[in-house]
Number of protein chains: 2
Amino acid sequence: MVTIAEVARQAGVSPSTVSYVLSRKRSISEDTRRRVEAAIDALGYHPHAGARALASNRSNILALMVPLRSDMYVPVIMEIAMAVTTEAREFDQDVLLLTKDEGTGGVRRIAGSGLADAMILMDVELDDDRIPVLRETSTPAVLIGLPADTAGLTCVDLDFDATGAACVDHLADLGHREIALIGESEGVYRRHTGFAARTMTGFQRRASERGLRAVHRMCEGTYESTAGVLARILEERPGTTGFIVQNEAAITPLLSLLRLSGRAVPEDTSVVAICPDQVALQSSPRLTSVSIPAEEMGRHAVRQAMSQLEGGHHPSVTLIPPLLTVRESSAAVPAS
Amino acid sequence: MVTIAEVARQAGVSPSTVSYVLSRKRSISEDTRRRVEAAIDALGYHPHAGARALASNRSNILALMVPLRSDMYVPVIMEIAMAVTTEAREFDQDVLLLTKDEGTGGVRRIAGSGLADAMILMDVELDDDRIPVLRETSTPAVLIGLPADTAGLTCVDLDFDATGAACVDHLADLGHREIALIGESEGVYRRHTGFAARTMTGFQRRASERGLRAVHRMCEGTYESTAGVLARILEERPGTTGFIVQNEAAITPLLSLLRLSGRAVPEDTSVVAICPDQVALQSSPRLTSVSIPAEEMGRHAVRQAMSQLEGGHHPSVTLIPPLLTVRESSAAVPAS
DNA sequence: GTGAAAGCGCTAACAA
DNA sequence: TTGTTAGCGCTTTCAC
């Protein structure tokens, strides 16, 4: 191991000078800086992470807690994780991967050991038991997703309420009068993040504002359940011409089923999805959709964490406005 | 922060005794152990990670380098990452997430800073530039995937050669005489891991051993390219009744195309996939497949890393034998 | 603009 | 079975 002392000797300066060259916490003469830097790359010096953490009380590590398995679409989780990791490097931070199944114990362990400077939590539940633990510790934290009570917390999420409304607007603008929201599975509504409920709220409010007939149905996402949900909707409301799908797993079944029932998309029936762009693009027809801004959420979470580390705690809730992209699955309602 | 000194005071022992209770590196009287443990949870003590790393020269961190974007199916990467993280906790290790785009610099940084005790690298290329760097450092490392030269390295991967052969055997046993392997995209063969080439080798060797007519075609995985590949195969070898698909992206297009061309699966044509079980199960019909043992590879990589840390360096190449599961997409060739 | 030196909290000899 | 103590490599006062 190359130590700071060796670099100092090689450069003919004291260890503290090397430290200051690295931290830029005091001014160094041009000449000294050059010699130190030369010594650093000549020796291939990297500061010892543990020693630095001990002395400075900063580990330069961000802990990211991800769901082991969740209702979230796996590629979205991955995209967030990669965005967090990439953005963290911009701040000279590394990322420690924790699984949500470590639960509150994991949060205590990280906070207590000084292993990480801050935490980013994914898959936040409405009444998440990690939150009280977070409140006890003074470790900066950012939640991706909204709990029921956000007081004192820093959170980022897609604005699902506005997302529901935006989908309704799009269909209403196209002339649709009867629409349906195919939502997540029952379990998601019961346990989870509330994003599903928020979508539904926005959907219903905007539908009523624009005078549309709207139904909302939960859906497990299997072929069979999607078939059942679709059948019930069309039975109750045979005039339904617009569908909004929140459950990615239900997208492919829904498209097949509509085709089978002789409804052409988008000629007879329009479909709007709430899903990652990737999914919207690989469907056939390509879907009009509100995308899940995974990368943006990840980057934002890191920036929030860093600003807490540097500037202190300023709780904030950031709701990213939905971006609806019109593709091939939605069109004006046929003049009947 | 609770320190070991506070715990020691509370328990009426010396700091080193607390340390030894934690590390179990020497025997402690039952009574002392109890008092120390009581003090530990009373105070909520967690050893400071940096201090421990500095003093013991062990960070208790495993670095995992994952591809930012790759030809690998994203859920497989995720499953490996989760398996690594979960298994690492069994050894009291945490996982640091690095992206492959940090390249050799990332490897040097981790090795040089003592941030991690060992590294696990995914998405290993045939002539991976991280390998020489790994050889310079003494940091234990495990590769998931096989480079061209494995001398002195520890690697884990699915035995793709045997996989190709197993798929051929399955189709041959069912009476198929003309078969085709729809492989990965050209880029994968050129740049990459060699897993595609190894599959092909096993496929061709076994086909020749069993006297089958066999063709292999690369495929980009889009609908259009799959259509082109299929058309060419059927033109050259109209008698082809068995397909092996290695490119997950090509699976859905292939099934649709076969249906469109009036070939029923499995009545007229059999399809065997090399893909995660999840993909095989959600296709319709469910696919006979060799699964990608993501979890097993992740767990194995961690165990190898730990055994290097504890017992020294014993290079080894572990090829996981393929497991072919018969589902609904393969059947005996029709008596013509 | 630079250096000397006192810790940071822990581990692991060495001593008893 | 337990305690004392010397570092681990770095940051950061304090001093010049």
Side-chain angles (χ1 to χ4, degrees), chain A residues 1-37 39-40 43-61 92 94 109-117 309, chain B residues 1-37 39-40 43-61 92 94 109-117 309:
Chain A
M1 255 231 88
V2 184
T3 70
I4 202 172
E6 301 175 50
V7 175
R9 198 170 338 116
Q10 167 108 356
V13 297
S14 75
S16 65
T17 297
V18 176
S19 175
Y20 283 118
V21 166
L22 253 18
S23 69
R24 337 181 123 272
K25 285 191 179 171
R26 74 181 184 192
S27 51
I28 300 284
S29 74
E30 201 36 46
D31 178 56
T32 304
R33 151 160 288 123
R34 254 197 303 276
R35 282 185 359 256
V36 169
E37 278 164 354
I40 287 176
L43 299 174
Y45 169 71
H46 290 273
H48 187 284
R52 171 174 272 191
L54 179 57
S56 68
N57 211 20
R58 277 275 244 125
S59 64
N60 283 286
I61 289 178
D92 251 290
D94 274 292
R109 187 168 67 82
I110 298 306
S113 66
L115 224 191
D117 297 328
L309 272 173
Chain B
M1 255 230 87
V2 184
T3 70
I4 201 171
E6 301 176 48
V7 175
R9 196 168 343 115
Q10 168 106 353
V13 299
S14 75
S16 67
T17 297
V18 177
S19 175
Y20 284 118
V21 166
L22 253 17
S23 70
R24 335 181 122 272
K25 285 191 179 171
R26 73 182 185 193
S27 52
I28 300 286
S29 74
E30 200 38 44
D31 179 55
T32 305
R33 151 161 288 123
R34 254 199 302 275
R35 285 189 351 262
V36 169
E37 278 164 354
I40 287 175
L43 299 175
Y45 169 71
H46 290 273
H48 187 283
R52 172 174 272 190
L54 179 57
S56 68
N57 211 18
R58 278 276 246 124
S59 65
N60 284 282
I61 288 177
D92 250 291
D94 274 292
R109 186 168 67 85
I110 298 306
S113 66
L115 224 189
D117 296 328
L309 273 173

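The sequence lines fix the lettering, A, B, ..., with proteins before strands; numbering per chain opens at 1.
Rounded to whole angstrom, the span from the CD atom of A/Glu30 across to the P atom of C/dT2 amounts to 10 Å. With rounding to whole Å, A/Asn57 atom CG is found 16 Å from C/dG7 atom P. As rounded to whole Å, 12 Å separates atom P of C/dT2 from atom CZ of A/Arg34. When the P atom of C/dC10 is taken as reference, atom NE2 of B/His46 falls 12 Å away, rounded to whole Å. Atom pair B/Asn60:CG and C/dC10:P shows a separation of 14 Å (rounding to whole Å applied). Atom CG of A/Leu115 and atom C1' of C/dG9 are 14 Å apart (whole Å). Protein atom CD1 of B/Ile40 is 13 Å distant from nucleotide atom C1' of C/dC10, rounded to whole Å. Put simply, OH on B/Tyr20 is 7 Å from P on C/dA13, counting in whole angstrom units.
Here A/Ser14 reaches the OP1 or OP2 of C/dG3: one of its side-chain N or O atoms lies under 4.0 Å away. For B/Tyr45 and C/dC10, the shortest distance from a side-chain N or O to OP1 or OP2 is below 4.0 Å. Residue B/Lys25 places at least one side-chain N or O under 4.0 Å from the OP1 or OP2 atom of C/dA12.
Not a single donor-acceptor pair, N or O on each side, falls under 3.5 Å between the base of C/dG3 and the side chain of A/Arg9.
Taking every heavy atom of both residues into account, A/Thr3 and A/Tyr45 meet most closely at C-CE1, 3.6 Å. Pairing each heavy atom of B/Gly50 with each of A/Leu54, the nearest pair is C-CB, 4.5 Å. Closest approach of B/His48 and B/Ala51 over heavy atoms only: ND1-N, 3.0 Å.
Ranking C/dA12, C/dT2, C/dC10 by closeness to the B/Ala55 side chain, first place goes to C/dC10. Distances from the side chain of A/Val13 to the nucleotides C/dC8, C/dG3, C/dT2 place C/dG3 closest. The side chain of A/Ser16 lies closest to C/dG3 when the candidates are C/dG3, C/dT11, C/dA13.
Here the range on DNA chain D touched by chain A, meaning any atom under 4.0 Å from one of its heavy atoms, is D/dG9 to D/dC14.
Evaluation of the salt bridge (charged side-chain N to carboxylate O under 4.0 Å, His left out) rule for B/Asp31 yields B/Arg35 as partners, not counting sequence neighbours.
Between B/Ser56 and B/Arg33, it is B/Arg33 whose nearest contact on DNA chain D lies nearer the 5' terminus. Comparing B/Pro47 and B/Arg26 against DNA chain C, the residue whose closest nucleotide sits nearer the 5' end is B/Pro47.
Within the 4.0 angstrom heavy-atom criterion, base atoms lie near A/Ser19. Backbone-only contact: B/Thr32 has heavy atoms under 4.0 Å from sugar-phosphate atoms and none from a base.
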- request: Check step by step if side chain to side chain contact (heavy atoms under 4.5 Å, CB included) holds for A/Glu6 and A/Met1.
  value: CA-CA 10 Å; A/Glu6 301 175 50; A/Met1 255 231 88; over 6 Å; no
task: Check the pair A/Ser14 / A/Thr17 against side chain to side chain contact (heavy atoms under 4.5 Å, CB included), numbers first and verdict last.
output: CA-CA 5 Å; A/Ser14 75; A/Thr17 297; 3.3 Å; yes
- request: For B/Ser23 and B/Arg52, run side chain to side chain contact (heavy atoms under 4.5 Å, CB included): C-alpha distance rounded to whole Å, both residues' side-chain angles, the deciding distance at 0.1 Å, then the answer.
  value: CA-CA 11 Å; B/Ser23 70; B/Arg52 172 174 272 190; over 6 Å; no
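Contact check on B/Arg58 versus B/Asp92 returns no salt bridge, with no Lys/Arg side-chain nitrogen under 4.0 Å from an Asp/Glu carboxylate oxygen.
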